[in-house]
Number of protein chains: 2
Amino acid sequence: MPDSTATATRRDELLAIAARLFAEKGFKNTTVRDIADAAGILSGSLYHHFDSKESMVDEILSTFQTELFAAYDDVLASDADARTKIERAVRLSFAAIDRHPDEVAIFQNEADYLGTFPRFAYLAERNAQSRNVWMTLLTEGVETGALRADLDVTLTYRFVRDTVWVAVRWYRPGGGLSHEAIAAQYLTILLDGISHA
Amino acid sequence: MPDSTATATRRDELLAIAARLFAEKGFKNTTVRDIADAAGILSGSLYHHFDSKESMVDEILSTFQTELFAAYDDVLASDADARTKIERAVRLSFAAIDRHPDEVAIFQNEADYLGTFPRFAYLAERNAQSRNVWMTLLTEGVETGALRADLDVTLTYRFVRDTVWVAVRWYRPGGGLSHEAIAAQYLTILLDGISHA
DNA sequence: GTCTATACGGCGATAGAC
DNA sequence: GTCTATCGCCGTATAGAC
């Protein structure tokens with residue numbers, strides 16, 4: 001039973017260590033011995049905290065997604081105009097990369113494969129949910145005239161989704177470029193293009 | 001000794017089968033037994049053709065990269081203006097995804113991890129080479145006034161690179177959307193943005 | 001070029017002591 | 001909550017017959 005204070009429990013520490021390794025090397029490339037070594041314990045001791053390696057990545061992903069989609073729901077429910085909501089959705093995505101880079105990386109790298117197992121069927125559901133969010137925002141943008149009428153909305157959705165999340169491959173929290181600055185530059189390119197006006 | 005006719009050798013067939021599995025499930029998630037099963041032979045028989053599983057992915061990646069970078073060099077060496085060269089580089093990248101989706105997927109998913117081993121050091125070199133190509137084109141674009149003067153060229157490079165290659169995640173050759181059509185839409189968004197003018 | 005048979009290590013996971 | 005000790009399986013790879 002995790003307490004709700006700021007104190008990280010041992011369990012949380014171990015999950016954070018596992019998340020870093022899963023993100024760096026991949027789920028399959030990371031052994032339970034790797035995780036235990038990084039935590040300064042022996043591999044058998046991990047099983048006092050978790051059922052299996054699979055349940056570790058499961059908890060990492062589901063916890064992150066619960067938080068992320070609550071934030072998307074907030075944006076969807078707001079009464080701002082379409083363009084503002086799109087900007088907010090982009091900014092919160094970059095903020096998520098900043099706060100949870102390992103979780104985003106794991107999701108990006110492993111979701112397709114893990115999603116083939118029944119246990120991780122919720123990954124596909126979340127994916128559909130995310131699609132709904134973006135398609136709703138983009139369609140509203142086109143209908144209200146905020147976005148170009150000749151856009152292929154589905155293609156644009158893929159474009160926006162991929163481009164936002166793929167930043168996790170090179171973005172490092174605390175580096176020279178803040179996530180807010182990246183989101184701003186990204187929105188400039190996305191909305192107005194790179195061509196000289 | 002591979003002959004230079006159009007006839008696929010057994011070796012080439014096996015590499016194509018391995019590439020498909022590596023792309024679908026990941027290198028580590030694919031066993032030599034998986035590859036052999038898909039080829040209708042037993043795992044031990046693979047070792048008549050290849051030293052190891054590692055040497056298979058090595059050959060897949062290096063062969064693909066040799067072809068890809070020859071194409072980039074062509075663009076760089078041409079005397080078209082900056083904008084035209086950028087458009088050509090984008091189009092040839094989508095064409096590469098169309099012709100070699102498995103190879104692109106493997107490179108996208110595995111290069112970071114494989115690159116940590118000496119044997120795959122050339123992956124980092126190719127990465128630097130690719131960076132040079134795009135930075136040269138984008139810088140020339142800004143200097144000649146084809147692109148906006150306020151662009152962060154490094155960030156734009158990452159943006160273009162990531163967005164082009166990440167399409168391998170959803171593009172399927174022979175599907176409803178041709179790679180030429182995707183490249184055209186992509187260039188429209190990249191150059192002019194999605195915002196209503 | 002493929003099969004039979006097998007070596008060998010590393011893997012996830014378990015049981016019980018401390 | 002961690003350690004000791006270990007199990008059984010599955011992974012890559014090998015040797016030699018056909």
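Keep in mind that the numbers below use all heavy atoms, side chains included, and drop hydrogens, waters and symmetry copies. A note on names: the letters A, B, ... follow the listed sequences, proteins ahead of strands, and every chain is numbered from 1.
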Kindly say whether the aromatic ring centers of B:Phe64 and B:Phe107 come within a distance under 6.0 Å.
no

A:Asn29 CG to D:dG11 P, straight-line distance once rounded to whole Å:
14 Å

For a quick test of reading the model: is some side-chain N or O of B:Tyr47 closer than 4.0 Å to OP1 or OP2 of D:dA13?
yes

If you assign each of A:Thr31 and A:Asp51 to its closest nucleotide in DNA chain C, which residue comes earlier from the 5' end?
A:Thr31

Remember a base hit wins even if backbone is also touched, and classify A:Ser55 as base, sugar-phosphate or nothing at under 4.0 Å, heavy atoms.
nothing

Tell me whether A:His196 at atom NE2 has more than 12 heavy atoms from other residues, nucleotides or ligands lying less than 6.0 Å away.
no

A:Phe50 atom CZ is separated from C:dT14 atom C1', nearest whole Å, by 17 Å

From the candidates D:dT12, D:dC3, C:dC11, the one with an atom nearest any side-chain atom of A:Ile41 is D:dC3

Output yes when at least one side-chain N/O atom of B:His48 is less than 4.0 Å from OP1 or OP2 of C:dG1, else no.
yes

Specify the separation, in whole Å, of atom CG of B:Leu46 and atom P of C:dT2.
9 Å

Is there a donor-acceptor pair closer than 3.5 Å between any side-chain N or O of B:Asp34 and the backbone N or O of B:Thr30?
no

Mind calculating the distance between CG (A:Asp37) and P (C:dG10) to the nearest angstrom?
13 Å

Write down the distance between NZ (B:Lys28) and P (D:dC10), rounded to a whole number of angstrom.
17 Å

Pick the closest DNA chain D nucleotide for A:Leu42 and for A:Arg33 by heavy atoms, then say which residue is nearer the 5' end.
A:Leu42

Could you state the CG-C1' distance from B:Asp58 to D:dT12, rounded to the nearest angstrom?
17 Å

Nearest to side-chain heavy atoms of A:Ser45, which nucleotide of D:dC3, C:dT2, D:dA13:
D:dC3

Is the shortest distance from a Lys or Arg side-chain nitrogen in B:Arg11 or B:Glu59 to a carboxylate oxygen in the other one below 4.0 Å?
yes

Can you tell me how far P of D:dA13 sits from NE2 of B:His49, to the nearest Å?
15 Å

Roughly how many Å is it from CZ in A:Phe27 to P in C:dC11, rounded to a whole number?
13 Å

Salt-bridge criterion met for A:Arg119 and A:Glu54 (N-O under 4.0 Å)
yes

So, is A:Arg11 near the phosphate of D:dG1, with a side-chain N or O under 4.0 Å from OP1 or OP2?
no

